[in-house]
Each structure stands twice: as C-alpha cells, then as structure tokens.
Amino acid sequence: MAEHPTLEQSYTVDTPESVAFAYEIAGIGNRFIAALIDTIILTVSVLLLNLLVLIALAIFGDMTLDVLMGDNPPSWFGGFVMALYALINFVLFWGYYVLFEYI
C-alpha cells in the first residue's frame, strides 16, 4: 500500500554559495483567515465610500428622482463626485493588494 505524502510546511532554497534558506509556508487555514480579513477590510471600506458618496450627492441635490432616472443631468459637482468615486474604488480594489504585497 502506498503511503500518502504529507504536506511540506517549509520550503528550502539552496544557493550556489552552499547557503540554505528555509521558509515556513502558510497552510490553508492561515491563507483562508488572511483572505477573510482582506475581504472584510475591503467590504467595510467600500461601504463607507458608498455612504460618503450618497451623503455628498444628497447634500448637493443630485439624488432627486429626475437625476436618478436620467431626465435631468447631474450638476458638475455630482459628476465630479462620481468620477472621484470611480477613481477611489479602483485604487481600493487594485492598490490594496499591491500595497500589502510591497509591504
């Protein structure tokens, strides 16, 4: 009967100078918890951003039914807020992982 190989929890790199570096590899549980924490942080950030955008649009009158249905165009400030929202949303989703990989 063949034995089942165990999952390696470390990774060793041998350099040409005969120096060995060993790294501990994160298991599936650690990776799941990290992904869950990242998802929670991004979700809360996007919800807060959405709330701020809705408040800003409501204050300046761009949340009326005419504007939302497309009968009247939004004010220049409403367009600016939506463009800024799109930019911040992009930076959140793409920059979050890039920033923490860099750190």
Side-chain angles (χ1 to χ4, degrees):
M1 195 183 258
E3 292 183 26
H4 296 287
T6 59
L7 294 175
E8 289 290 323
Q9 294 297 320
S10 64
Y11 181 70
T12 305
V13 177
D14 293 324
T15 64
E17 291 83 16
S18 297
V19 177
F21 293 102
Y23 299 101
E24 185 177 340
I25 298 175
I28 187 98
N30 291 343
R31 290 177 189 267
F32 174 76
I33 296 296
L36 184 65
I37 291 170
D38 288 339
T39 302
I40 290 170
I41 290 171
L42 280 174
T43 302
V44 168
S45 299
V46 168
L47 286 175
L48 288 175
L49 178 64
N50 288 341
L51 183 65
L52 289 174
V53 166
L54 287 175
I55 289 171
L57 291 176
I59 288 173
F60 289 96
D62 285 326
M63 290 296 292
T64 61
L65 192 58
D66 291 340
V67 174
L68 294 176
M69 296 302 283
D71 295 336
N72 289 334
S75 66
W76 71 270
F77 183 76
F80 177 74
V81 167
M82 292 308 294
L84 191 62
Y85 167 76
L87 180 65
I88 293 173
N89 205 7
F90 175 80
V91 168
L92 272 176
F93 278 108
W94 287 94
Y96 179 82
Y97 293 107
V98 171
L99 174 70
F100 283 103
E101 269 302 313
Y102 180 74
I103 291 176

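Throughout, residue positions are numbered sequentially from 1 according to the sequence presented. All values derive from a computational prediction rather than experimental measurement.
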Compile the donor-acceptor pairs under 3.5 Å between side chains in residues 40-47 and protein atoms, sequence neighbours left out, one pair per line.
residue	atom	partner	partner atom	Å
Thr43	OG1	Thr39	O	2.7
Ser45	OG	Ile41	O	2.8

Please list, one pair per line, the donor and acceptor atoms closer than 3.5 Å that link side chains of residues 16-24 to other protein atoms, with sequence neighbours excluded.
none

Sequence neighbours left out, cut at 3.5 Å: what donor-acceptor pairs do the side chains of residues 85-103 make with other protein atoms?
residue	atom	partner	partner atom	Å
Tyr85	OH	Asn50	OD1	2.8
Tyr96	OH	Asp38	OD1	2.7

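Around atom CG of Leu51, more than 12 heavy atoms belonging to other residues, nucleotides or ligands sit under 6.0 Å away.
Note on Val53 and Phe80: same hydrophobic cluster, where clusters join Ile, Leu, Val, Met, Phe, Trp and Tyr whose side-chain heavy atoms are under 4.5 Å apart, directly or indirectly.
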